[in-house]
Amino acid sequence: MPINDSAFSTDFIRSIIAEDLKTNKNNGRVMTRFPPEPNGYLHIGHAKSICLNFSIAKEHRGGVCNLRFDDTNPSKEEIEYIESIKKDVKWLGFDWEDRLYFASDYFEQMYQYAEQLIKAGAAYVDDQSADEIRLTRGTLTEPGTESPFRNRGVEENLDLFRRMRAGGFPNGAKVLRAKIDMSHPNINMRDPVMYRILHTSHHRTGDKWCIYPMYDWAHGLEDSIEGITHSICTLEFEDHRPLYDWFLDRLGVYHPRQIEFARLNLSYTVMSKRKLLGLVKEGYVTGWDDPRMPTISGLRRRGFTPEAIRIFCDKIGVAKRDSMVDVALLEHCIREDLNKRAPRRMAVLRPLKIVIDNYPDNLVEELDAVNNPEDPAAGVRKVPFSKVIYIEQDDFREDPPKKYYRLAPGREVRLRYAYFISCTGVIKDESGEVRELHCTYDPATRGGDAPDGRKVQGTLHWVSANHAVTAEVRLYDRLFTVENPSAAKDDAEYRSFINPDSLQVLNDCKLEPALGEAEPGEIFQFERMGYFVADSVDSRPGRTLFNRTVTLKDTWAKIEKAQVRKQDSNVAKDKEKPAKHETGAAPVGEEITIDDFSKVDLRVGVIREAGLVEGADKLIRVMVDLGEGTLRQIFAAIRRAYHEPEKLVGKQVVVVANLKPRQMKFGLSEGMILAGVGKGALSIATFEGKLSPGDKVS
RNA sequence: UGGGGUGUCGUCAAGCGGUAAGACACGGGCCUUUGGAGUCCGCAUUCGGAGGUUCGAAUCCUCCCACCCCAGCCA
């Protein structure tokens, strides 16, 4: 392994640029551009491109990056988007200085270039309709055929083109086409359209134009006019590069270099404008800036910082292979950033009341709490403590499982920055729900340290009941339940991937008093709970709402999950987790109850047939061999995870064999297949190895 | 069956003929008044596959396989 002596490793684009610099290709200039079409909001995928383009420019002496709106299609674009895009780029921390450009500013110049091409016999006016053009373009494997108008004379073309500009023809009547090669293996080269007639006013040029340039024609010209050295775009434009080059070469003008990289895909979300717009329009989210959206405005409202997003874009790298970045990396980046800067506060999200019996009735103590252990300069604050406090419901268990360090009857824990308390009594309501706890405190442990050196395992956050600010807190989770929702084969399936629990609203949260004065946009760490930002849209004076940005890493949750998993497989197996919670209605498992798990009869089954069930979008019908001579029919609500049931055939599964057969609308279901949810994905329990149908599983 | 791309750890990603960086995730230890943070350790005998060239191949050659993109008067 050679030591990387020269600088640090760079991506392939930076290598190309370094090489160009070395050969003095552009006289030492580096100029890039970020060219959004103003027809939607920017998302994290755009952030990757923004960071790339602006950072590359910044890395070189004299390098600059332009912000250019590619506004060549007046029917799709709106001013609202221009403003949001400018705001987002700025917020991300990048500066285009005085280089804010619009493709529409070059329309006249482009027009002149078009006449130049016509005069050179390299472009012609075609009278064919859109349909005719499509039909004569050929297919991927067959060449196209030439337009009957292809060989018009230069004068006629010029005249027609000028009349197109003058408004002499209705929409669609004519187009200007480049005269290249109708049998070119690259479809983009089969006489591509350069101009179309659109009698639509443009948000910047008004009614000055009724012909508008197409992307392929316009983009290279924009780059050339601005003197861009490296025109960086995404992979799907790779096929367009020959055309980009063709136009520029034919014109004999300055010729930037187009370089393509793979766009960002993020797990558990979608990135296409169309899909994002769909989520907004169909009301799955409240808007483009909904905190669940991967848009820059959504992330901002969620509590993400520009620094975290930039670090993320840096960490994911730049390459040409299609990839899917784990959203856990994004979460890591925001945690890392916020850990250093977010002030800590105490907030009880799901309150459980505690009365400290031996604490003086009317005493209120102001205790010191550290604002940020990572940053001594952040100082300390006072937190009021009194006889009645709230702790998190989840921080008490009447019957604590193994490794549970928190409060339980008879247990002593520390209240952060306050006292050790011991649980002496539990008050429940009629339904058996724990309503209130009684505890005693040890006055000697004020501040949280025991003079006798005794230790407690758990430290809980708390809020004094009398001083608490009651507030709404919104808990956000991923928008989709599957890693790659875009892989859905149709709309219905796509919709079924949407996470119904992506937003949970908590109305009765108890916050420490200092949080009452939070300004919109301020970010805090609620100790032990996560990072939260004061919402900047729905907050009202005196009534601040908080959005959860991301949870803290939760070791206990992991342990508990592992325990449950262990129970599932060891103890009485079952617990029949099959899809039930995840798929909503679970026609199979719902009514089946087994009091004693030891009675469950688990058997090896081999799936012999599997298919979809007509009229049930969650079910799959399988025929399972349990070695009984006949196959058993089982309906399992696992379609979400197995879109192609055929692939289940031959798999060994665990079947609960001694259930009472259940009559369903679609037929008799004679058993149940074990399935579980891991990492958010539903899957059936399966295994390799030589086992025979009907073998007992233990 | 045309053209253009891409295949290195679960996920990103270095590597450019000298014997597989790093990050996230995951597992484990230490530490801890956040089961947070921090810290330490582990985690690809192998680079889509098969041949070949070479003292030496993820890197070069040949063939094969898989995946992505392209038939808007969208960008």
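A note on names: the letters A, B, ... follow the listed sequences, proteins ahead of strands, and every chain is numbered from 1.
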When you check the phosphate oxygens OP1 and OP2 of [N], does a side-chain N or O of [X] lie under 4.0 Å from one of them?
| X | N | value |
| --- | --- | --- |
| A:Lys558 | B:G27 | yes |
| A:Ser323 | B:U11 | no |
| A:Arg528 | B:G36 | no |

What protein N or O atoms touch nucleotides 72-75 of chain B N or O atoms at under 3.5 angstrom, if any, and at what distances?
residue	atom	partner	partner atom	Å
B:G72	OP2	A:Arg137	NH2	3.4
B:C73	OP1	A:Arg137	NH2	3.1
B:C73	OP2	A:Arg137	NH1	3.2
B:C73	N4	A:Gln128	O	3.0
B:C73	N4	A:Ala130	N	2.9
B:C73	N4	A:Gly172	O	3.2
B:C74	OP2	A:Arg196	NE	3.1
B:C74	OP2	A:Arg196	NH2	2.9
B:C74	O3'	A:Arg196	NH2	3.2
B:C74	O2'	A:Asn73	ND2	3.4
B:C74	O2'	A:Lys76	NZ	3.1
B:A75	OP1	A:Thr72	OG1	2.7
B:A75	OP1	A:Arg196	NH1	3.4
B:A75	OP1	A:Arg196	NH2	3.0
B:A75	OP2	A:Tyr215	N	2.9
B:A75	O3'	A:Asp70	OD2	2.9
B:A75	N6	A:His240	NE2	3.4

Discussion item. With a sphere of 6.0 Å drawn around NZ of A:Lys403, does it hold more than 12 non-hydrogen atoms of other residues, nucleotides or ligands?
Written reply: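 Open: at most 12 neighbouring heavy atoms sit under 6.0 Å from NZ of A:Lys403.
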Just call it for [X]: base, sugar-phosphate, or nothing, with non-hydrogen atoms closer than 4.0 Å on any strand.
| X | answer |
| --- | --- |
| A:Leu460 | nothing |
| A:Ile316 | sugar-phosphate |
| A:Met189 | nothing |

Worksheet item: Which pairs, with at least one residue in residues 175-194 of chain A and sequence neighbours excluded, count as a salt bridge (charged side-chain N to carboxylate O under 4.0 Å, His left out)?
Response: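 Sorted result for residues 175-194 of chain A: A:Asp126-A:Arg177, A:Arg150-A:Asp191.
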Practice prompt. Mark yes or no: A:Arg165 above the aromatic ring of A:Tyr111, with NZ or CZ under 6.0 Å from the six-membered ring centre and no more than 45 degrees from the axis.
Written response: yes
Worksheet entry | Whole-Å C1' distance, B:G4 and B:C12 | 24 Å
Worksheet entry | Within residues 390-397 of chain A: residues closer than 4.0 Å to RNA chain B (heavy atoms) | none
Fill in: For A:Asp223, the option from A:Gln258, A:Arg68, A:Arg257 that meets side chain to side chain donor-acceptor pair (under 3.5 Å)
A:Arg68
Worksheet, complete the sentence: Applying the 3.5 Å cut-off to both distances, the Watson-Crick or G-U partner of B:C26 turns out to be B:G42
